[in-house]
Amino acid sequence: MGGGAASNAPKATLKEVKLTRVLGLFKHYWAQLSIILVLALSSAFVGLGPPLVMKEIVDKAIPHANYALLFKMVGLMVGLPMLNGLLGVTQNYLNNKVGQGVMFDLRHALLSNLQKQSISFFTNSRSGEIIQRLTGDVQAVQGVVTGTIVSAISQVVVIFSSAFILFRLDWKLACISLCILPVFVFPVRKVANTRKQLRAETRIIAGQMSAHLAEIFGVSGAMLTRIFGRESLQEKRFTQLNQKSMQLELKLNLVGRWYNLFMNLLNPLGTAIIYLYGGYFVMKGSMTLGGIIAFAAYLNRLYGPITSLLNLHVDVTTALGIFKRIFEYLDLKPEISDHPNARTISTVSSHLAFRSVSFSYQKEQHALQNITFEIKPGQLVALVGHSGAGKSTLINLIGRLYDPDEGHLEIDGLDIRQINLQSLREQIAYVTQESFLFHATIRDNLLFARDDANQEEIEQACRQSFIHDFILSLPDGYDSIVGERGHRLSGGERQRLAIARAILKNPNILILDEATSHLDSESEVYVQSALEGLQKNRTTLVIAHRLSTVLKADKILVMDKGKLTEQGTHTELLKLGGRYAGLYHTQFAGSTASGSSLPQQ
Ligand code: ADP
């Protein structure tokens with residue numbers, strides 16, 4: 001959500017959001033909406049009854065001692081509100097059903113479109129904003145159904161039917177009353193608007209507060225706060241929001257009291273005027289006593305609907321604002337999608353090639369420039385270069401997390417954009433530095449790679465990645481929860497789980513970001529051994545940080561500022577005495593060449 005002012009509450013006009021599109025969302029619910037409308041209209045008409053009942057009692061039943069009529073009217077006095085209550089319950093239920101149905105459809109459509117978005121969408125958006133639109137905005141749609149569309153129609157009916165009866169009862173008094181009505185209604189409208197703005201502001205602050213809390217209580221945020229000893233700063237930020245929230249709530253409450261005061265004053269004032277003028281007409285004999293009572297009651301019925309209708313414009317623009325934000329996400333075109341004639345590949349021999357590939361995240365800033373190389377099936381290729389050279393970008397292009405701006409990538413001679421995305425990604429597994437784990441059990445995290453894997457396969461994968469024994473040592477074994485983002489595990493354990501996940505996937509092409517720097521030497525040996533097991537018989541591209549890897553590699557690709565500057569074997573490149581030789585001396589020479597001493601499981 002945006003900034004802190006109420007004016008930032010989303011609003012939109014009919015020019016920005018097509019009404020037909022909004023109505024389209026309700027296309028599966030026309031039958032229910034029609035019933036709701038009928039119920040609302042019936043309820044509006046039934047509501048007209050009680051004042052007339054009063055009139056009958058006062059004007060006819062009591063003066064003429066008509067017991068039968070009195071009983072009938074008293075019966076209606078109880079029966080009509082009861083009927084109205086039943087109509088209200090049914091209407092409310094259906095309203096809710098339609099609202100929830102539309103919300104369900106929208107959430108589903110939003111999620112499925114967001115899932116199709118490329119990584120660049122997520123790197124450019126705040127996750128809080130995405131979640132807000134999927135939950136908060138969609139939730140607000142419910143209010144639109146119940147609060148705006150149906151109630152506006154029934155309010156119009158209440159106003160016109162009540163006004164019609166007022167004129168039928170006494171047109172002169174009706175004219176006078178309707179003329180003075182705005183004097184009462186406008187202040188109420190003003191107060192209602194202020195309340196609405198304050199509520200919007202309160203919601204924004206509430207959103208900021210929960211976003212702040214999520215950040216400081218997320219494991220990474222909590223750790224960062226402690227490491228930097230900034231608890232007091234976090235507390236100060238929270239206090240500011242907390243204070244704002246308190247002030248707003250107090251203001252809202254105060255305005256609410258004024259609102260109630262106005263409402264409480266309005267009725268007696270309106271009624272007093274009716275009795276003053278009406279009393280005069282009754283005394284003159286041109287109106288009955290029951291007539292005035294009914295008149296006052298009908299007039300009272302007008303205040304609420306008129307005030308709401310005067311606010312309809314605000315409601316509609318707010319509702320359109322919500323739809324605008326939702327439609328924005330529904331209309332997002334995925335940058336990376338399947339070609340209409342995309343081919344599904346099942347097994348590949350995994351010949352991978354980059355052909356004159358260039359790519360930039362931002363215009364004019366090449367992250368990759370004219371990259372050309374090949375990896376033959378089963379080869380191990382090491383990618384080396386300084387930080388920021390473009391290594392991660394290059395590996396991300398293989399799984400089409402991004403598409404190149406120029407040139408293309410091939411698998412077995414086929415442009416990867418011609419391959420069905422799903423089947424392409426099934427061929428590839430990534431093991432990156434930051435192995436992401438879901439807040440779920442170890443088993444569920446592993447099944448993410450292949451949900452039909454059985455326990456035996458899972459354990460086999462874990463043995464191969466040297467994590468099985470560790471898992472068994474946990475009280476809940478494979479059912480242990482790994483904690484948010486896997487924070488309950490050490491870096492090495494997380495990485496070995498990620499490797500087990502890749503083994504389960506059994507990919508033809510393996511992409512590794514070999515960062516073992518943050519692991520202790522024992523973990524490093526385990527991780528290294530697990531990685532070596534994983535690489536067997538697969539085409540492997542590895543961002544290398546270890547001497548053993550570059551020595552073993554069939555080919556080393558040297559990257560510098562987005563360019564592929566050298567390629568060859570370790571011996572060839574050393575002999576060349578160029579950039580690799582320099583890197584070798586600064587980066588690799590210090591690291592161990594071994595790493596192959598397999599620990600026993
Ligand atoms: P390496 O993996 O070799 O350290 P990267 O591929 O991560 O390098 O980065 C290459 C260049 O692209 C760097 O200049 C980096 O700042 C930039 N870069 C990386 N990711 C993004 C992104 N999502 N948006 C914009 N620029 C990026």
Side-chain angles (χ1 to χ4, degrees), residues 114-130 220 332-336 352 354-373 375 380-409 416 425 428-436 491 495 498 502 509-519 527 531 540-547 549-550 553 555-567 573 578-588 591:
L114 287 174
Q115 290 273 54
K116 290 186 203 126
Q117 298 309 311
S118 58
I119 289 297
S120 57
F121 168 75
F122 296 97
T123 48
N124 293 328
S125 320
R126 289 168 65 196
S127 57
E129 166 87 19
I130 301 175
S220 311
L332 283 172
K333 294 269 172 292
E335 274 176 31
I336 292 173
L352 186 68
F354 273 61
R355 310 259 183 233
S356 313
V357 170
S358 296
F359 173 78
S360 47
Y361 291 101
Q362 274 122 20
K363 275 194 186 106
E364 309 299 327
Q365 277 183 1
H366 280 299
L368 294 176
Q369 223 175 328
N370 201 16
I371 306 280
T372 298
F373 68 87
I375 311 179
L380 167 68
V381 170
L383 203 54
V384 299
H386 287 300
S387 172
K391 304 182 295 293
S392 311
T393 308
L394 186 148
I395 62 168
N396 285 339
L397 256 48
I398 301 171
R400 283 193 78 194
L401 296 183
Y402 300 96
D403 270 345
D405 302 327
E406 286 164 42
H408 67 277
L409 278 79
I416 62 169
R425 289 177 181 163
I428 306 167
Y430 282 85
V431 179
T432 49
Q433 296 188 30
E434 268 308 309
S435 314
F436 187 88
Q495 235 174 5
I509 298 170
L510 179 66
I511 294 162
L512 302 174
D513 192 346
E514 179 195 63
T516 46
S517 52
H518 63 294
L519 305 178
V527 168
L531 284 177
T540 307
L541 181 61
V542 47
I543 297 181
H545 293 276
R546 300 173 55 82
L547 183 59
T549 311
V550 286
K555 192 193 279 187
I556 299 167
L557 304 174
V558 186
M559 303 261 325
D560 183 42
K561 297 190 186 111
K563 289 190 185 137
L564 186 54
T565 50
E566 293 166 21
Q567 48 180 311
L573 292 180
R579 190 163 291 278
Y580 176 76
L583 262 175
Y584 169 74
H585 292 301
T586 53
Q587 197 175 329
F588 295 106
S591 73

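No experiment lies behind these values; they were computed from the predicted model shown. As the structure lists them, so they are numbered: ligands from 1, and atoms in each ligand from 1.
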Side chains of [X] and [Y]: donor-acceptor distance under 3.5 Å anywhere?
X	Y	value
S356	E406	no
S392	D513	no
T565	Y580	no

Can you name the atoms of ligand 1, numbered from 1 with element, that are less than 4.0 Å from a heavy atom of [X]?
X	answer
T393	5 (P), 6 (O), 9 (O), 10 (C)
S387	4 (O)
K391	1 (P), 2 (O), 3 (O), 4 (O), 6 (O), 8 (O)

N/O separation below 3.5 Å, G388 to ligand 1: yes
Could you tell me whether Q362 and ligand 1 have an N or O pair separated by under 3.5 Å? no
Check whether any side-chain heavy atom of [X] lies under 4.5 Å from a side-chain heavy atom of [Y], and answer yes or no.
X	Y	answer
F354	I375	no
L573	Y584	no
Q117	E335	no

Please say which of K563, Q567, E566 ends up in a side chain to side chain contact (heavy atoms under 4.5 Å, CB included) with V558.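 Of K563, Q567, E566, side chain to side chain contact (heavy atoms under 4.5 Å, CB included) with V558 is met by E566 alone.
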Do protein heavy atoms approach atom 16 (O) of ligand 1 to less than 4.0 Å?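 Within 4.0 Å: no protein heavy atom nearby.
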Are there protein heavy-atom neighbours of atom 27 (C) of ligand 1 below 4.0 Å?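 Under the 4.0 Å cut-off, atom 27 (C) of ligand 1 does have protein heavy-atom neighbours.
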If you have a sec, work out which protein heavy atom is nearest atom 18 (N) of ligand 1 and how many Å separate them, to one decimal?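 For atom 18 (N) of ligand 1, the nearest protein heavy atom is Y361 CE1, 3.3 Å.
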Looking only at protein heavy atoms, which one is nearest to atom 2 (O) of ligand 1, and what is the separation?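 The protein heavy atom lying closest is S392 OG, 2.5 Å.
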Would you say CZ of R425 has more than 12 non-hydrogen atoms from neighbouring residues, nucleotides or ligands within 6.0 angstrom?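 Yes, because the 6.0 Å sphere around CZ of R425 holds more than 12 heavy atoms from other groups.
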For G385, state whether at least one heavy atom is located under 4.0 Å from any atom of ligand 1. no
Decide whether the shortest distance between a heavy atom of H386 and an atom of ligand 1 is less than 4.0 Å. yes
